[in-house]
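First the structure, in the form of structure tokens, and then the observations on it.
Source: prediction; values computed, not measured.
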Amino acid sequence: MLFRSGCVPMIDISGLNVRYYGSSELTLRDVALQVGPGESVLVTGPSGCGKSTLALCVAGFIPHAIGAEVTGSIRVCGLEQRESSVYRIAQHVGLVQQDPEGQFCTMRVEDEVAFGPENLLCPPSVVASRVNRALSMAGASHLRDRKLTELSGGEKQKVAFAAALAMQPELLILDEPTAHLDPGATREIIELVARMRQTDADLTLLILEHKPWRFRDAAHRMIQISQGALSYDGPIADFETEMLHRLPGKRGRQLGSAGRVLEVKGLWQGYGDRTVLRDVDLEVRRGEIVGLMGDNGSGKTTLLHAVMGLLKPSAGRIRHEGVDITGMPVSDRARRIGLIFQNPNHQLFTDRVWEEVVIGPRSCGETEHEYRPRAKALIDRFELSDYCRTHPFLLSFGQKRRLNLASVMVSNPSVLLLDEPFAGQDIARACDLIRMLDEVAAGGVGILIVGHDPDLMIRCCDRILFMREGEILIDAAAQNVAAELERMGEDDYIPGRL
């Protein structure tokens, strides 16, 4: 216990067990935890270990808004969680969730940030002051007038951060706060958290993070969760070197004269009067993994959606294996191209993990005898076999991501489009995903992958494209891209910086 003796803990948990309805396994097991006023605590652990469940318990969403069997005691900010409404708890506790869309209540950025203070019946002048301050702190002032539906994943994360700050909480919980942010925005958030620690000694922080070393200067203490139980509670351990050394080296696939499986020529795309893609050209060869990097809002996700046919470009052509598919319906493209969305919840359709994986082959008329071996192999490969009868929305963010990938790969597409597949994955899962993608590419599949983590992207990809304001400014071999990025002054994207 690191806080001053005699102080009432900001978080006081004892004997906490949590089991989601419909699950046979405990997600949290006999957790005991005390966090004092003004403490900043890092919470780390593998994907699916229970970090987000702990955050939801502390914020009061479990058991009041999310169905789960809970035993033990949880007191936060002096409130007994079971006896306090979510509304009352929200006056003291702010939560920035891993999936920012899951907490949005309005349609516009300014309205979203103002929503909390307005519900506290703050005077208009106070609401305006809080909104201005929160947007500025989150680096999102330029987004004030935008629609939430038009924002990139990273921009949505900034808005969720601002909405929580506008409530001026005593306890702020950040669940993977940099998971969807580009390197520059990640650095800004890290610096912001450090400044908050320096300027507001009374604010208590709980930071859930797969890369705890990022916040070592902003925290007093680290907790590690393993299989639902606390396995470490003490000084911040230095896992950075150990984790980065586990990243796999490139296998150096020989692409030779492999044919182009995907070609994009002169693509233009916009939303209303705002141009997002500007005369984009790219190609992906069979067996090649091409990385797409750039700041939030630079057009990466829009490019994937245009290739998949979810958006109709204003100009340009798209070819798959030499065939022009620019006007082809999404349903037909889906038999050739697999897309993993940035938000895993956007492509979950059934009430069982097994059903989620096999829904594609079934809809194409395959028999169980045909698809079952592929589906089972993928479920085993992604360590989801224990969850076959579990509702997909009960999985962790990282597990949902792996389920999305299995449900797409089961149909054997010749092109894979992956939007931020490493978000929400711990280092071990990320390494496993890199090895798996290498195996898939070796089988002749072309892969186009959006990502923000330079260390992972350079190890995973054969070639890197760098976008800025809708244009591709760099197209270079992965081993050469760092020099190009440094030449352009994009230092945050150079491996090893974050």
Side-chain angles (χ1 to χ4, degrees), residues 246-264 281-293 300-301 303-304 307-308 318-323 325 333-342 357 360 374-375 377-383 401-423 425 427-466 472 474-481 495:
R246 293 169 63 184
L247 291 175
K250 294 189 67 61
R251 298 186 185 182
R253 291 182 307 280
Q254 298 299 316
L255 298 175
S257 58
R260 292 186 293 268
V261 69
L262 178 66
E263 297 174 80
V264 175
D281 294 344
L282 71 83
E283 64 178 45
V284 180
R285 293 180 289 170
R286 295 183 186 279
E288 184 180 32
I289 303 178
V290 177
L292 195 57
M293 300 178 69
K300 305 182 300 298
T301 295
L303 178 55
L304 295 191
V307 170
M308 193 66 199
I318 302 168
R319 289 182 173 84
H320 172 265
E321 297 183 324
V323 177
I325 62 170
R333 296 192 205 199
R335 298 173 183 268
R336 312 165 183 229
I337 301 172
L339 170 64
I340 305 297
F341 288 101
Q342 191 175 72
V357 175
R374 300 198 310 274
L378 286 166
I379 285 177
D380 291 344
R381 180 72 174 81
F382 290 117
E383 298 186 18
R401 178 73 69 190
R402 299 200 300 276
L403 176 57
N404 293 158
L405 193 54
S407 66
V408 167
M409 289 182 57
V410 74
S411 296
N412 291 325
S414 59
V415 175
L416 271 179
L417 309 176
L418 308 177
D419 198 351
E420 287 287 353
F422 299 119
Q425 304 290 348
I427 291 293
R429 297 292 188 192
C431 293
D432 190 54
L433 182 56
I434 290 173
R435 284 187 285 266
M436 188 278 301
L437 291 176
D438 193 83
E439 294 169 7
V440 172
V445 176
I447 301 175
L448 182 59
I449 176 173
V450 168
H452 283 136
D453 190 314
D455 293 291
L456 297 176
M457 291 292 283
I458 286 179
R459 282 171 171 81
C460 179
C461 301
D462 302 296
R463 188 157 51 90
I464 299 288
L465 310 180
F466 185 82
I472 295 177
I474 296 177
D475 184 344
Q479 64 267 28
N480 300 329
V481 76

When you compare the side chain of L303 with that of L282, does any pair of heavy atoms fall below 4.5 Å?
yes

Value for CZ (F341) from CG (N404), rounded to nearest 0.5 Å, stands at 9.5 Å

Roughly how far, to the nearest 0.5 Å, is CZ of F422 from CD1 of I434?
4.5 Å

For V408 and P413, the nearest pair of non-hydrogen atoms, with its separation, is O-CD, 3.5 Å

Atom pair CG (L465) and CD1 (I472), whose distance is rounded to the nearest 0.5 Å:
5.0 Å

Does the side-chain contact (heavy atoms from CB on, under 4.5 Å) test come out yes or no for L403 and V357, once each step is laid out?
CA-CA 7 Å; L403 176 57; V357 175; 3.5 Å; yes

For I337 and M308, the nearest pair of non-hydrogen atoms, with its separation, is O-CE, 3.4 Å

Between the CD1 atom in I464 and the CE atom in M293, the distance rounded to the nearest 0.5 Å is 6.0 Å

Are the charged groups of E383 and R402 less than 4.0 angstrom apart, N to O?
no

Worked check of side-chain contact (heavy atoms from CB on, under 4.5 Å) between L416 and M409:
CA-CA 8 Å; L416 271 179; M409 289 182 57; 4.2 Å; yes

Can you find a heavy atom in the side chain of V261 that is under 4.5 Å from one in the side chain of S414?
yes

Between I449 and M457, does a side-chain contact (heavy atoms from CB on, under 4.5 Å) hold up when you go through it step by step?
CA-CA 9 Å; I449 176 173; M457 291 292 283; 4.3 Å; yes

Does a side-chain heavy-atom distance below 4.5 Å link L433 with P421?
yes

Reported CG-to-CG distance for the pair L418 and L292, which is rounded to 0.5 angstrom:
11.5 Å

Using 4.0 Å as the upper bound for N to carboxylate O, is an ion pair formed by D419 and K300?
no

Is it true that R401 and E420 make a salt bridge, defined as a side-chain N closer than 4.0 Å to a carboxylate O?
no

Which value, rounded to the nearest 0.5 Å, describes the distance between C460 atom SG and M436 atom CE?
9.0 Å

Would you name the heavy atoms of I289 and L437 that are closest together and state the gap between them?
CD1-O, 3.8 Å

So which heavy atom on D462 is nearest to which on G287, and how close?
OD2-O, 4.1 Å

Got a donor-acceptor contact below 3.5 angstrom from the R463 side chain to the V290 backbone?
no

In terms of heavy-atom contacts, H320 and V415 come closest through CD2-CG2, 3.7 Å

Hey, which of R336, R286, R260 is the one that makes side-chain hydrogen bond (donor to acceptor under 3.5 Å, both in side chains) with E321?
R286

Taking every non-hydrogen atom, the tightest pair across R374 and V410
NE-O, 2.8 Å

